[in-house]
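Below you'll find the structure, written out as structure tokens, and then a few comments.
Positions are given from 1, in the same order as the sequence printed here. What's counted below: heavy atoms across the whole structure, side chains too, no hydrogens, waters or symmetry copies. Predicted, not measured: the structure shown is a model, and the values here were computed from it.
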Amino acid sequence: MPTLEEVHRQIKSLNHKYIFYTKKEIKYLPNIMIEGERIRAITSGFSGSRTVLAVCTNRRLLFLDKGMFFGLRQWQLGLDRIQSIDGNYLLVFGNIRVWDGASPINMNLVLASTIDPFIKETRSAIDEFRRISFQETIGGPQRAAPVDIASQLERLAALKESGHLTEAEFQAQKAKLLAG
């Protein structure tokens, strides 16, 4: 679990951030972040009439609302659950929408200059998370049973069809299976 100082260092190192009126949420981050989790993108906005801090880490997407005097509203999506993330904006502010396949999470009044970098970094985190998970699934060092190439190819094809792999990733993994 990172310290508050480490959280501040990670936030300071980000190129694009908008953390308006979210000191309580930032102060709370060390309580919910786990060992090895690092902040990749951060922004703030409103959900309904409440200020919300959105944090993309290397493991999940967090939304925090610490409340004015007490209470905490927090929700999170594992990077493997995010189906899409998009945003739009006009001159100064816009919104971000995250979809998990069942329901959207909407954040409004996000500073326009942080929307594209936040979305781009979140997509990059999702891709990296899926790539690591996929490599652990098909070829990690813990594998003891012999490889059934046919079933692995079927699994690769299913991952490609479901959108978890691009054509290039599919072809690269297929070539590894067939070569080795």
Side-chain angles (χ1 to χ4, degrees), residues 1-2 7 10-11 13-18 29 32-45 47 52-64 74-89 94-107 110 112-180:
M1 169 174 0
V7 166
Q10 289 180 33
I11 292 171
S13 73
L14 300 173
N15 292 327
H16 302 279
K17 55 190 163 282
Y18 179 59
L29 276 173
I32 59 173
M33 290 178 67
I34 57 177
E35 191 66 39
E37 190 170 22
R38 68 185 198 296
I39 299 170
R40 294 187 58 153
I42 194 166
T43 193
S44 64
S47 178
V52 174
L53 180 69
V55 182
C56 175
T57 74
N58 57 320
R59 297 180 185 207
R60 58 191 168 159
L61 198 53
L62 297 162
F63 297 90
L64 296 172
Q74 122 184 1
W75 56 107
Q76 65 179 323
L77 287 172
L79 294 177
D80 60 331
R81 289 188 47 216
I82 297 173
Q83 298 295 315
S84 70
I85 179 169
D86 54 46
N88 60 55
Y89 49 87
N95 66 34
I96 294 174
R97 184 178 71 134
V98 181
W99 183 261
D100 70 355
S103 60
I105 296 173
N106 293 305
M107 215 168 88
V110 179
S113 63
T114 66
I115 292 174
D116 286 340
F118 185 85
I119 290 171
K120 182 178 180 182
E121 191 59 34
T122 300
R123 287 178 179 155
S124 176
I126 292 167
D127 290 344
E128 183 178 313
F129 184 84
R130 287 179 179 163
R131 200 171 17 262
I132 290 169
S133 296
F134 178 73
Q135 288 170 350
E136 289 173 356
T137 300
I138 68 159
Q142 71 280 5
R143 187 181 65 211
V147 176
D148 176 14
I149 294 177
S151 65
Q152 291 295 331
L153 286 172
E154 287 174 11
R155 181 170 171 79
L156 280 172
L159 286 169
K160 182 182 145 223
E161 252 183 65
S162 67
H164 289 18
L165 290 177
T166 65
E167 178 66 29
E169 291 169 330
F170 171 77
Q171 292 299 333
Q173 293 299 325
K174 179 181 166 185
K176 279 184 188 178
L177 274 174
L178 295 175

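Minimum interatomic distance between Glu37 and Met33 (heavy atoms only, all atoms of both residues): OE1-CA, 3.2 Å. Minimum heavy-atom separation, Ser44 to Met107: C-CE, 3.6 Å. Nearest heavy atoms, Trp99 versus Pro104: CZ3-CD, 3.0 Å. Of all non-hydrogen atoms in Arg59 and Ile34, the two that sit nearest each other are NH1-CD1, 3.1 Å. Among all heavy-atom pairs drawn from Thr57 and Ala125, the shortest one is O-CB, 4.0 Å. Annotation for Arg123 and Asp86: closest pair NH2-CA, 4.3 Å, computed over non-hydrogen atoms.
For Arg130 (side chain) and Leu165 (main-chain N/O), no donor-acceptor pair under 3.5 Å exists by modelled atom type. Remark: the backbone N or O of Gly36 is paired with a side-chain donor or acceptor of Asn58 at under 3.5 angstrom. With hydrogens and angles ignored, the 3.5 Å screen pairs a side-chain donor or acceptor of Thr122 with a backbone N or O of Phe118.
In this structure, the separation between CD on Gln76 and CG on Leu62 is 5.5 Å, given to the nearest 0.5 Å. With rounding to the nearest 0.5 angstrom, the CG atom of Leu79 is 10.0 Å from the CZ atom of Arg60. Taking CD1 of Ile105 as the start and CH2 of Trp75 as the end, the distance is 7.0 Å to the nearest 0.5 Å. Atoms CZ and CD1, from Arg81 and Ile126 in turn, are 12.0 Å apart once rounded to the nearest 0.5 Å. If you take CD1 on Ile132 and CG on Asp127, they are separated by 11.0 Å, rounding to the nearest 0.5 Å. With rounding to the nearest 0.5 Å, the separation of CG in Leu159 from CD in Glu169 is 10.0 Å.
By the 4.0 Å N-to-carboxylate-O rule, Glu121 lies close enough to Arg40 to be salt-bridged with it.
Under the 4.5 Å side-chain criterion, counting only non-hydrogen atoms from C-beta, Gln173 is not in contact with Gln152. Contact annotation: the side chain of Val110 never approaches that of Asn95 to less than 4.5 Å [non-hydrogen atoms, C-beta and beyond]. The side-chain heavy atoms of Ile39 and Val7, taken from C-beta on, include a pair separated by under 4.5 Å. Within the 4.5 Å cutoff, no side-chain heavy atoms of Ile42 are placed close to those of Gln10.
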task = Could you give me the CA-CA distance, side-chain angles and deciding distance for Leu29 and Leu64, then say whether side chain to side chain contact (heavy atoms under 4.5 Å, CB included) is met?
result = CA-CA 9 Å; Leu29 276 173; Leu64 296 172; 3.6 Å; yes

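With a 6.0 Å radius and a threshold of 12 heavy atoms from other residues, nucleotides or ligands, Tyr89 has its OH atom at or below the threshold. A 6.0 Å sphere centred on CD of Glu161 holds no more than 12 heavy atoms belonging to other residues, nucleotides or ligands.
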